[in-house]
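Ligands are counted one by one from 1 in listed order, and the atoms in each one are counted from 1 as well. For clarity, every value in this text was computed on a predicted model and none was experimentally measured. Residue numbers start at 1 and run along the sequence shown.
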Amino acid sequence: MNWDDETAPAAEERIVGAAAEGDDQAVEAALRPKDLAEFVGQEKVRQQLDLVLKAARQRGATADHVLLSGAPGLGKTTLSMIIAAEMNAPIRITSGPAIQHAGDLAAILSSLQEGEILFLDEIHRMSRPAEEMLYMAMEDFRVDVIVGKGPGATAIPLELPPFTLVGATTRAGLLPPPLRDRFGFTAHMEFYDPAELQRVIHRSAGLLDVEIDPDGAAEIAGRSRGTPRIANRLLRRVRDYAQVRADGRITREIAAAALRVYEVDSRGLDRLDRAVLEALLKLFGGGPVGLSTLAVAVGEERETVEEVAEPFLVREGLLARTPRGRVATPAAWAHLGLVPPQAAPPGGAARPGATGQQGLFGT
Ligand SMILES: Nc1ncnc2c1ncn2[C@@H]1O[C@H](COP(=O)(O)OP(=O)(O)OP(=O)(O)O)[C@@H](O)[C@H]1O
């Protein structure tokens, strides 16, 4: 899957977009778990990382370099900060696109303290020369700084203090093998199941001082697309609704009513996702239909349909991309409360008007 799909430009304005938005950042800082015990879910990653860090602490050494891969909003930045906290080490945060020249990287590396954690987000987007410098830095804690140009250029070796690189990527497959191989520990972060998201929501509600029923948390969790960042964002919008329209407490009914206002349905589909699905079912009998035709039908760019709406619909098993075009699955018909043509009574096609829309947003 193409994880970056969820960060495509049009996805940024969506309440169910996985990329961080402007007002997320300050709140996210307040909601970040501070240690491994507080970090919800990702059991395997947590157990393995716990061993890696404990062993390093016992040896009095810096931890091995760590590569975290997974979709946006699953907790990679949070985990890098936890690594620093568990190692009692300072952390420096930067990203691949910010390092365009090898010199940028040399400047950062040479100013690290011993044992410092260097968090490099979007490591797959670093420039090639910087990437090559990183190989030597990771392996030998040394870089060659080139001084001068042409035949007179000389490489001056620069010793670095031992440090731990924590690389984060949405696409581990894009990393060149020599870079991937230099990480001592690689963790792949999975989407969270509803029970885990419910725990994330309860924890965040506590920190935000919001009263929430277990059913209210479950309702939000089911619409959060497996992603803690989305769960926290939906929680904040539901909190607003509960405060303005009710007594502030979040129940299942309040959560469903609030998310109806924001057009997030019972499976976490938003207006665009549903428009695509509805066009596919109602106008094209469930497909197959070409991407361009589908895009025209919903009045969106081809890229928006392909990169913003489709990845989640595919992940949810509602839409399939086939060589003949886009096809709806039986689950898509069921979700929109429509009858597939082959199951329609004799003489009657699919009943385009017979939607169960009211049910989609919950009660
Ligand atoms: N396991 C978790 N338990 C509790 N909260 C979490 C967990 N994972 C993520 N969060 C919350 O979700 C938000 C987003 O997490 P974070 O910024 O770490 O994601 P990310 O994977 O680094 O995203 P990106 O790839 O966009 O940088 C944070 O507010 C964090 O508190």
Side-chain angles (χ1 to χ4, degrees), residues 1-9 11-50 66-86 91 93-98 117-126 166-172 174-175 186-208 210 212 217 220-221 224-237 239 311:
M1 172 177 294
N2 182 348
W3 302 126
D4 267 2
D5 291 348
E6 297 249 343
T7 59
E12 282 168 13
E13 299 131 33
R14 307 169 79 197
I15 190 168
V16 291
E21 286 175 25
D23 76 329
D24 281 336
Q25 314 217 330
V27 187
E28 280 191 355
L31 297 181
R32 277 187 208 290
K34 303 279 183 285
D35 55 35
L36 275 180
E38 261 189 75
F39 192 80
V40 175
Q42 310 287 347
E43 291 307 329
K44 262 196 220 120
V45 172
R46 267 187 25 205
Q47 275 179 21
Q48 293 166 351
L49 200 55
D50 189 41
V66 176
L67 180 64
L68 304 173
S69 75
L74 297 188
K76 299 184 293 298
T77 307
T78 305
L79 218 41
S80 74
M81 292 178 171
I82 289 176
I83 292 173
E86 299 269 344
I91 181 167
I93 297 181
T94 185
S95 72
I117 309 295
L118 175 62
F119 178 58
L120 232 168
D121 204 3
E122 299 188 81
I123 191 170
H124 59 279
R125 295 180 59 195
M126 212 170 27
V166 179
T169 180
T170 46
R171 304 185 187 186
L174 286 188
L175 290 191
T186 299
H188 179 70
M189 309 195 48
E190 305 285 349
F191 286 99
Y192 292 66
D193 65 34
E196 290 168 340
L197 287 176
Q198 219 175 310
R199 280 163 55 205
V200 170
I201 291 165
H202 266 297
R203 180 181 169 276
S204 300
L207 292 170
L208 295 171
V210 179
I212 187 165
I220 300 174
S224 299
R225 299 162 80 112
T227 308
R229 170 173 291 137
I230 300 176
N232 283 340
R233 192 184 299 137
L234 295 186
L235 170 65
R236 275 148 46 212
R237 296 292 76 83
R239 170 187 65 171

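Under 4.0 angstrom from ligand 1, there are no non-hydrogen atoms of Leu79. Under 4.0 Å from ligand 1, the heavy atoms of Asp121 that appear belong solely to its side chain.
To the nearest 0.5 Å, atoms CZ (Arg236) and OG (Ser204) are separated by 9.5 Å. The structure places CG of Leu120 at 10.5 Å from OG of Ser80, a figure rounded to the nearest 0.5 Å. Here Ile230 contributes atom CD1 and Ile15 contributes atom CD1; the two are 9.5 Å apart, rounded to the nearest 0.5 Å. Atoms CZ and CD1, on Arg32 and Ile82 in that order, are 9.5 Å from each other to the nearest 0.5 Å. Atom CZ of Arg203 sits about 12.5 Å away from atom CD1 of Ile201, to the nearest 0.5 Å. Put simply, CZ on Arg14 and CZ on Arg233 are 10.5 Å apart, with the number rounded to the nearest 0.5 Å.
Using a 4.0 Å cut-off between a side-chain N of Lys or Arg and a carboxylate O of Asp or Glu, Glu43 and Arg46 qualify as a salt bridge.
Backbone and side-chain nitrogen or oxygen atoms of Leu74 are examined, and one is located within less than 3.5 angstrom of a nitrogen or oxygen of ligand 1. Checked against a 3.5 angstrom limit, the closest N/O atoms of Pro33 and ligand 1 fall outside it. In terms of N/O distances under 3.5 Å, ligand 1 is not approached by Thr170. Polar contact check, Pro72 against ligand 1: no nitrogen or oxygen pair lies under 3.5 Å apart. Polar contact check, Pro228 against ligand 1: no nitrogen or oxygen pair lies under 3.5 Å apart. Looking at Gly73 next to ligand 1, an N or O pair under 3.5 Å apart turns up.
Numbered from 1 in the order shown, with element, the atoms of ligand 1 that lie under 4.0 Å from a heavy atom of Asn232 read 11 (C), 12 (O), 29 (O). Below 4.0 Å from some heavy atom of Val40 lie the following atoms of ligand 1, by number and element: 1 (N), 2 (C), 3 (N). Shown in contact with Leu31 at under 4.0 Å from a heavy atom are these atoms of ligand 1, numbered in order with element: 31 (O). Set against the non-hydrogen atoms of Lys76, the atoms of ligand 1 under 4.0 Å away are 18 (O), 19 (O), 20 (P), 21 (O), 22 (O), 25 (O). Remark: ligand 1 atoms within the under-4.0 Å shell around heavy atoms of Phe39 are 1 (N), 2 (C), 7 (C), 8 (N). In the vicinity of Thr78, heavy-atom distances shorter than 4.0 Å reach the ligand 1 atoms 15 (O), 16 (P), 18 (O), 30 (C).
Between the choices Glu28, Arg32, Arg199, the shortest heavy-atom distance to atom 16 (P) of ligand 1 belongs to Arg32. For atom 26 (O) of ligand 1, the nearest non-hydrogen atom from the set Arg233, Glu122, Glu196, Arg229 belongs to Arg229.
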Is there a side-chain contact (heavy atoms from CB on, under 4.5 Å) between Leu79 and Val66 once you walk through the steps?
CA-CA 10 Å; Leu79 218 41; Val66 176; over 6 Å; no
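Nearest heavy-atom pair, Ala29 versus Lys34, reported as atom, atom and distance to 0.1 Å: O-NZ, 4.0 Å. Between Pro228 and Gly73 the shortest heavy-atom distance is CD-O, 3.3 Å. The minimum heavy-atom distance linking Glu86 with Asp35 is given by the pair OE2-CB, 3.4 Å.
The shortest heavy-atom distance from Gly41 to ligand 1 is not under 4.0 Å.
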